[in-house]
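Here's the structure we're looking at; comments come further down.
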Amino acid sequence: MSASILWFRRDLRLRDHPALLAAAADGPVLPLFVLDPALWGTSGDVRRAFLLRTLRALDADLRRFGPGLVVRSGRPESVVPALVAEVAAQAVHVSADFGPYGAARDARVEEALGDVPLVRTGSPYAVAPGRVLTNDGRPYQVFTPFHRAWVDHGWRAPAESDPASVDWVGAPSEDLPAEPDVSGVDLPEAGEAAALARWTAWRGTPYDDVRDRPDLDATSRLSPDLRWGTIHPRTVLADLDARNPHAATFRKELAWREFYAHVLHHWPSSAREYFRPELRGLPYVTGAELEHRLDAWTQGRTGYPIVDAGMRQLLAEGWMHNRVRMIVASFLVKDLHVEWQHGARHFMRHLVDGDLASNQHNWQWVAGCGTDAAPYFRIFNPTTQGKKFDPDGGYVRRWVPELTDPSVGTYPEPIVDHAEQRAATLEAYQLLRRHGG
DNA sequence: AGGTGTTTCTG
DNA sequence: AGAAACACC
């Protein structure tokens with residue numbers, strides 16, 4: 001018997017897989033979920049729980065069509081040779097999704113596969129990272145021209161794939177880790193069916209004028225599904241009519257996700273390093289003061305209601321409204337003078353939608369050191385932002401109940417004075433510019 | 001995807 | 001007085 005190996009590295013989707021369906025025509029398919037220990041080890045309990053639920057939901061999907069699913073742990077580069085040794089005699093194809101981690105890493109994976117033919121099932125993007133380039137073949141560093149070129153490039157319609165037509169083989173996923181105890185945490189339902197239901201229930205609702213209002217909770221909540229691949233952006237894009245302003249704005253948000261995947265693909269080191277290193281020389285806090293500030297920020301006890309509401313939502317749901325993400329990030333970097341990597345790490349640990357490309361580059365955007373970054377002097381005022389985007393205070397009251405009900409607890413005094421810290425940040429920035437960093 | 005202080009316009 | 005425009009960070 002010959003089997004195709006379907007290797008899900010980061011994108012777990014089953015639908016929109018024409019290459020998989022073509023491979024399946026040559027023989028049964030052995031799905032392999034790779035749980036990267038690096039990903040697993042840096043994830044908090046909420047993120048782990050959601051990932052496991054996603055895997056289990058997909059496992060259940062597969063069991064309807066075949067004997068089961070193989071799950072292995074290990075770095076892709078090391079697990080693939082072991083797997084190939086196990087089934088080399090049977091393998092016809094290996095299907096692999098390539099994330100936005102750069103051509104060097106992809107090349108290592110291909111090398112590990114040796115002579116086993118590789119079926120590229122495509123990326124979890126409408127346009128694969130690396131495909132959208134300027135006329136002279138260079139990668140875009142600014143969103144607006146990228147967006148135009150991305151739309152011009154276009155994407156195919158989603159595949160009319162039917163997992164029932166795939167002949168799945170493999171062993172049950174008994175070696176899935178146990179799910180951490182997350183009782184009391186409000187997690188979305190995981191899996192493809194839930195993702196599709198989420199999308200069809202949400203699409204067509206107002207977006208353009210309410211997407212910045214965390215109190216209205218009007219966003220799609222599709223980010224965990226896009227992250228783990230339980231829905232494909234092409235499925236979403238096919239349902240959008242760009243003549244509708246709501247749809248056009250939403251499509252632009254999908255384009256931001258593709259833009260940052262593209263940036264990480266071309267500059268893999270930007271996941272850790274400053275894309276523009278000029279701002280590395282700013283006076284960021286270290287040592288005990290760093291720990292103290294990070295602690296107050298992560299626990300939602302900074303004394304700024306909109307910041308604390310967001311940080312508490314993150315711990316409670318593994319998710320935070322996008323407008324609030326920008327506010328808390330700006331506050332950490334520009335009011336608390338903490339280097340952006342600390343905040344990015346906390347987000348990746350807890351967000352159920354945490355994606356390396358989007359997360360790191362949005363943090364770099366806020367810090368002013370990324371591609372197409374906000375100018376460094378753009379500093380959010382947490383009070384003004386709260387008034388503007390949570391005008392009735394509904395969001396803040398939900399997550400910071402002690403503001404209106406003192407029996408719940410005592411709300412802390414502001415950890416720093418925003419006006420003072422804003423002035424200090426601008427002064428440090430000017431010093432840096434004068435002395436050339 | 002901003003904020004702030006100042007000037008200018010408007011009713 | 002308040003909105004809108006502007007310059008600068």
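Note that the structure is predicted; figures quoted are calculated from it, not measured. Letters go in sequence order (proteins before strands), and every chain restarts at 1.
Atom CZ in A:Phe377 sits about 15 Å away from atom C1' in B:dG5, given to the nearest Å. A:Arg257 places its CZ atom 19 Å from the P atom of B:dA1, with the value rounded to the nearest Å. Summarising the geometry, the separation between CD on A:Glu420 and C1' on C:dC9 is reported as 18 Å, rounded to the nearest angstrom. B:dG2 atom P lies 5 Å from atom CZ of A:Phe380, rounded to whole Å. The CG atom of A:Leu426 sits 11 Å away from the C1' atom of B:dG2 (whole-angstrom rounding). In this structure, A:Ile327 places its CD1 atom 13 Å from P of B:dA1, rounding to the nearest Å. One can place CG of A:Asn381 at 6 Å from P of B:dG3, the figure rounded to the nearest angstrom. Distance NZ (A:Lys334) to P (C:dC9): 16 Å, rounded to an integer number of Å.
For A:Arg221 and A:Trp202, the positive end is not near the middle of the six-membered ring at less than 6.0 Å and at most 45° from its axis. At least one cation-pi condition fails for A:Lys252 and A:Phe259: the charged atom is not both under 6.0 angstrom from the six-membered ring centre and inside a 45 degree cone around its axis. A cation-pi contact links A:Arg323 to A:Phe389, judged by a cut-off of 6.0 Å to the six-membered ring centre and 45° from its axis.
For A:Asn362, no side-chain nitrogen or oxygen approaches OP1 or OP2 of B:dA1 to under 4.0 Å. Regarding contacts with the backbone of B:dG5, every side-chain N or O of A:Arg422 stays at 4.0 angstrom or more from both OP1 and OP2. In this model, the phosphate group of B:dG3 is approached by a side-chain N or O of A:Gln385 to a distance below 4.0 Å at OP1 or OP2.
Set against C:dC9, B:dG2, B:dA1, the side chain of A:Asn322 has B:dA1 as its closest nucleotide.
Among the protein residues, A:Arg325 comes within range of no part of the nucleic acid, since none of its heavy atoms lies under 4.0 Å from any strand.
Proximity of the aromatic rings of A:Phe250 and A:Trp199 is defined here by a centroid distance below 6.0 angstrom, and this criterion is met.
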